[in-house]
Structures are given as structure tokens and as C-alpha cells.
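Contents: one structure, followed by commentary.
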There are 2 protein chains.
Amino acid sequence: MARKSGSSGEKTRAMVEEAATRLIARHGFAAVSMRQIAREVGVQAGALYLYTPDKQSLLKDIMRGHLQHLLESWAAQAPDPDLPAAARLERFVRFHIDYHILRAEKVFISYMELRNLDCDNFAEIERLRRSYEHILEEILISGAAEGVFHHTDTRLTTLAMIAMMTGVSTWYRDDGRLPPDAITTRYVDMAFRLAGGEPLAEAAE
Amino acid sequence: MARKSGSSGEKTRAMVEEAATRLIARHGFAAVSMRQIAREVGVQAGALYLYTPDKQSLLKDIMRGHLQHLLESWAAQAPDPDLPAAARLERFVRFHIDYHILRAEKVFISYMELRNLDCDNFAEIERLRRSYEHILEEILISGAAEGVFHHTDTRLTTLAMIAMMTGVSTWYRDDGRLPPDAITTRYVDMAFRLAGGEPLAEAAE
DNA sequence: GTCTATACACCGATAGAC
DNA sequence: GTCTATCGGTGTATAGAC
């Protein structure tokens with residue numbers, strides 16, 4: 001009624017996810033306890049169970065939220081499918097690197113903690129991850145059909161390019177040698193090399 | 001049976017490392033308990049402390065053993081430093097991929113469990129990992145000096161190439177689409193693309 | 001070299017007061 | 001919505017018998 005206790009719930013929920021993300025990214029899912037997360041939020045351990053049925057669901061929700069946001073972000077700025085594959089590849093690489101620099105923690109978790117999901121949860125997350133890989137694979141196929149890309153093996157090139165780009169989140173630091181946009185530009189260049197195509201003029205340095 | 005009076009310490013030591021490697025690769029360091037490892041070996045948990053002062057040293061020894069073996073294996077078959085950089089790059093890529101397919105578990109652990117090392121142990125392992133990266137970096141520098149490689153940024157190309165190649169161990173399966181030597185050949189091709197050089201004749205398909 | 005037994009802290013999760 | 005208290009179980013690591 002006159003209580004305002006309901007307003008604190010959503011705020012706490014966000015703090016739980018934020019704290020869990022930070023701690024899991026730093027120490028790993030198995031190494032982080034519910035008590036640690038609760039301490040970080042400033043509540044007791046039992047209170048966490050108002051927001052998640054169990055510990056693993058917390059992990060799954062972080063991963064699913066990340067991958068859904070990744071896919072939605074791409075969908076919101078995806079280039080016209082009728083554009084040349086080279087332009088679409090550049091857009092995809094820029095999107096991927098920028099996103100992985102900006103949201104390194106959730107990217108890291110979604111990549112490293114897959115083995116902590118049970119069978120059903122793994123299948124759901126894996127499906128989302130695959131559909132993201134397919135975006136790149138389709139661009140590479142289009143480029144080969146246009147004759148502008150000359151990769152030998154589309155699936156392997158996709159996996160290699162994703163691995164190469166995602167690796168950025170394992171070493172990127174805000175105070176590193178290169179600013180983010182310089183890193184992105186260099187990765188665009190390397191992606192074109194991998195695909196066997198000539199980089200766009202404005203992507204070259 | 002009260003005890004295995006005839007059993008050998010060295011044999012048990014090897015079994016402990018083997019079991020720990022398999023379990024940690026599968027479930028992650030933090031998720032594996034000393035009791036689990038002991039059960040796998042067929043001893044009691046307390047007996048493990050005959051072979052390691054604590055749990056983390058078990059992890060560090062697996063990592064250090066892996067990286068030392070990696071560096072020694074390369075040293076044993078490293079090409080003459082006076083050979084052209086292109087030949088040395090091909091040799092390095094073949095070595096790296098073959099090794100990472102053959103010893104996927106230890107490779108996986110050494111890349112995924114770094115955060116479970118304390119400061120001193122991390123520094124020791126990181127030093128070994130760096131010296132491995134420097135092998136590739138030196139080859140790329142030589143190739144640029146020879147004029148056969150045309151990468152824009154040596155350090156970034158090194159990191160990208162290592163990430164691309166090491167990614168193999170995250171998806172490789174014995175019953176996969178391609179046999180190991182076909183995978184290796186395709187990665188040699190992609191490495192030359194990344195370095196901005198022409199592949200050797202015998203590496204092309 | 002391996003065992004049994006155990007210390008004792010911490011785990012995930014639940015129950016019920018307020 | 002958050003608290004305290006608590007359950008049953010497991011964690012790493014050690015002590016001392018044989």
C-alpha cells in the first residue's frame with residue numbers, strides 16, 4: 001500500500017546481474033559463491049533467490065541476455081543484404097570488435113563458461129551462438145559468389161575469423177597501446193586478408 | 001584391501017596428473033575437487049598431497065609442464081634461423097596446429113585457467129606463454145624485413161594469428177568433417193593470408 | 001606410500017520472522 | 001523484500017596409524 005518496497009526490487013535485480021557478471025568474469029562461475037554475489041550487492045545470500053531459481057540460471061540468463069542483445073544490436077544496424085559483401089564484411093567486423101571491446105565481461109563469460117551449463121541450457125545458448133556465426137558465414141558465401149572473396153573453406157574461415165576477432169577481449173585494456181578505433185581498423189584489414197579480398201579504400205590506412 | 005603395498009609412487013604421480021588434466025579440461029579448475037581427482041586415481045583425497053603441496057600447484061604444474069614441453073618440442077624441430085621466413089612460418093603453423101590438436105586438453109587448460117593462478121604462478125606461466133608468442137613474432141618481423149610479408153602491425157598480427165590457430169582446440173573433434181592434415185594445410189594458407197605473404201607452392205592446394 | 005579419521009570453513013538452497 | 005537461522009553436504013588440507 002503505502003510501502004515503497006516494490007521499487008527496490010527491480011533495482012536489486014539489476015545489481016545482482018551486474019555483480020554476478022563482474023565476479024564470474026573475474027573468477028569463473030564455479031569459483032564464485034552466492035554469498036560473494038550477495039555481499040557485493042549488499043543483501044544476504046537468501047535474498048538472491050527472489051531473483052533466480054538457482055545459481056546456474058543466473059549464468060544462463062547472463063549468457064542469453066548477452067547473446068540476444070548481440071543479435072538485436074546487429075539486426076538494428078545490419079547493412080542492406082543487397083549491398084556488396086565487402087561492405088557488409090567491414091560493417092560486421094567493426095560491429096564485432098567494437099561490441100567485444102565495450103562488453104568484454106559478458107563476451108568473456110559467454111565464451112568461457114559454456115561447460116557449466118547443463119544439457120538444455122547449453123543447447124539454447126549454443127543455438128544463439130550459431131546463429132551469430134551464420135551472419136558472418138553468409139557474408140563470406142555472398143562474397144565468394146560475387147567473386148570478391150577467395151577463401152578456400154568457408155566454414156573454417158568463419159571459425160578462424162571469429163576466433164581471431166574474439167581474441168581481442170582476452171587482451172584488450174583501456175590503457176593499452178592502441179585506441180579502440182585503431183584496433184578495429186587493423187582487424188578490418190586482417191579480416192579482408194583472411195577472406196582473400198581487397199579491403200575497401202576507406203578501411204586501408 | 002588396506003593398501004596397495006606394491007604400487008609405485010611415480011606411477012601414481014602420473015595418474016594424478018592425467019586425471020587432473022582430464023577433469024579440469026572438462027569441468028574447469030574450480031569445479032573439480034580433490035576428492036574427485038582422488039576417486040579417479042583410486043586413492044583417498046589425502047594421498048594426493050604426497051604429490052602436490054596444494055590444489056593450485058597441481059594446476060600450475062600442468063600448465064608449466066605443457067608450456068615447457070611445447071617450447072622444447074619447437075626447439076627440437078625448429079627450422080634453421082637462416083631459412084626464409086616463409087618456410088619458417090609454414091613450419092611454425094604446422095607445428096602449432098598439430099600440437100594443439102594432439103594435446104587439446106592441456107592447451108585448453110593453459111588458456112582457460114590462467115585466472116585461477118595467484119600472482120607469482122601467473123607471472124611464471126605468462127612468461128613462458130610470451131616466449132612462445134615471440135617465436136612467431138620474430139618470424140613475422142624477419143618476413144617483413146625480407147619483403148615477403150606485408151602485415152600492418154606485427155604485434156596485432158601475432159595475437160590474431162595465435163588466437164585464430166588456438167581456436168582449433170575449441171572445436172576440433174576426431175570424428176569431424178576434416179582430417180587433421182587437411183585442417184593444418186588450410187590454416188597454413190590462412191596464416192600466410194594474415195601475414196600478407198604468398199604461400200609456398202607446396203602449401204597451396 | 002597409502003590409509004582412516006577428522007578439523008573446520010564454506011557451499012547452495014530453504015523456512016519463517018518481520 | 002530482506003533478514004536470520006539452519007539444513008545437509010562438500011571443500012581443502014592435516015594428523016597419525018600401518
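Every value quoted in this text rests on a predicted model; they were computed, and no experiment measured them.
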d(CG, A:Leu48; P, D:dT2) in whole Å = 10 Å

message = Can you tell me which nucleotide in C:dA13, C:dC3, C:dG1 comes closest to the side chain of B:Val43?
response = C:dC3

Side chain to side chain donor-acceptor pair (under 3.5 Å) against A:Arg193, all qualifying residues, sequence neighbours excluded = A:Asp189

task = For the pair A:Glu137 and A:Arg155, find out whether any cationic side-chain nitrogen is under 4.0 Å from an anionic carboxylate oxygen.
result = yes

request  = Output every pair passing ring pair (Phe, Tyr, Trp, His ring centres under 6.0 Å) with a member in residues 152-183 of chain A, not counting sequence neighbours, ordered by first then second residue.
outcome  = none

ask   = Within the structure, does a side-chain N or O atom of A:Gln44 lie under 4.0 Å from either OP1 or OP2 of D:dT4?
value = yes

ask   = Taking DNA chain C as the partner, which of residues 52-65 of chain A come within under 4.0 angstrom of it by heavy atom?
value = A:Asp54, A:Lys55

query = side chain to side chain donor-acceptor pair (under 3.5 Å) with B:Tyr132: which residues, sequence neighbours excluded?
reply = B:His96

ask   = By a strict heavy-atom criterion of less than 4.0 Å, which residues belonging to residues 22-35 of chain A are in contact with DNA chain D?
value = A:Arg35

inquiry  = Please pick, from D:dT2, C:dA13, D:dA13, the nucleotide with the shortest atom-to-atom distance to any side-chain atom of A:Thr12.
reply    = D:dT2

B:Asp181 vs B:Thr184, side-chain hydrogen bond (donor to acceptor under 3.5 Å, both in side chains): CA-CA, chis, key distance, verdict = CA-CA 5 Å; B:Asp181 61 331; B:Thr184 303; over 6 Å; no

message = Could you work out, with salt bridge (charged side-chain N to carboxylate O under 4.0 Å, His left out) as the rule, every residue matching A:Asp61, not counting sequence neighbours?
response = A:Arg64

message = Pick the closest DNA chain C nucleotide for A:Gln36 and for A:Ala47 by heavy atoms, then say which residue is nearer the 5' end.
response = A:Gln36

message = Can you list everything that forms a side chain to side chain donor-acceptor pair (under 3.5 Å) with A:Glu17? Sequence neighbours excluded, please.
response = A:Lys106

inquiry  = My understanding is that only residues two or more places apart in sequence, or in another chain, count here; which of them pass side chain to side chain donor-acceptor pair (under 3.5 Å) with A:Gln56?
reply    = A:Asn121

ask   = What is the distance from CD1 of B:Ile37 to C1' of D:dA13, rounded to the nearest Å?
value = 13 Å

query = CG of A:Leu50 versus P of D:dT4: gap in Å, rounded?
reply = 14 Å

query = Does a side-chain N or O from B:Tyr49 land closer than 4.0 Å to OP1 or OP2 of D:dG16, or not?
reply = no

Side chain to side chain contact (heavy atoms under 4.5 Å, CB included) against A:Pro79, all qualifying residues, sequence neighbours excluded = A:Trp74, A:Leu83, A:Arg88, A:Arg91

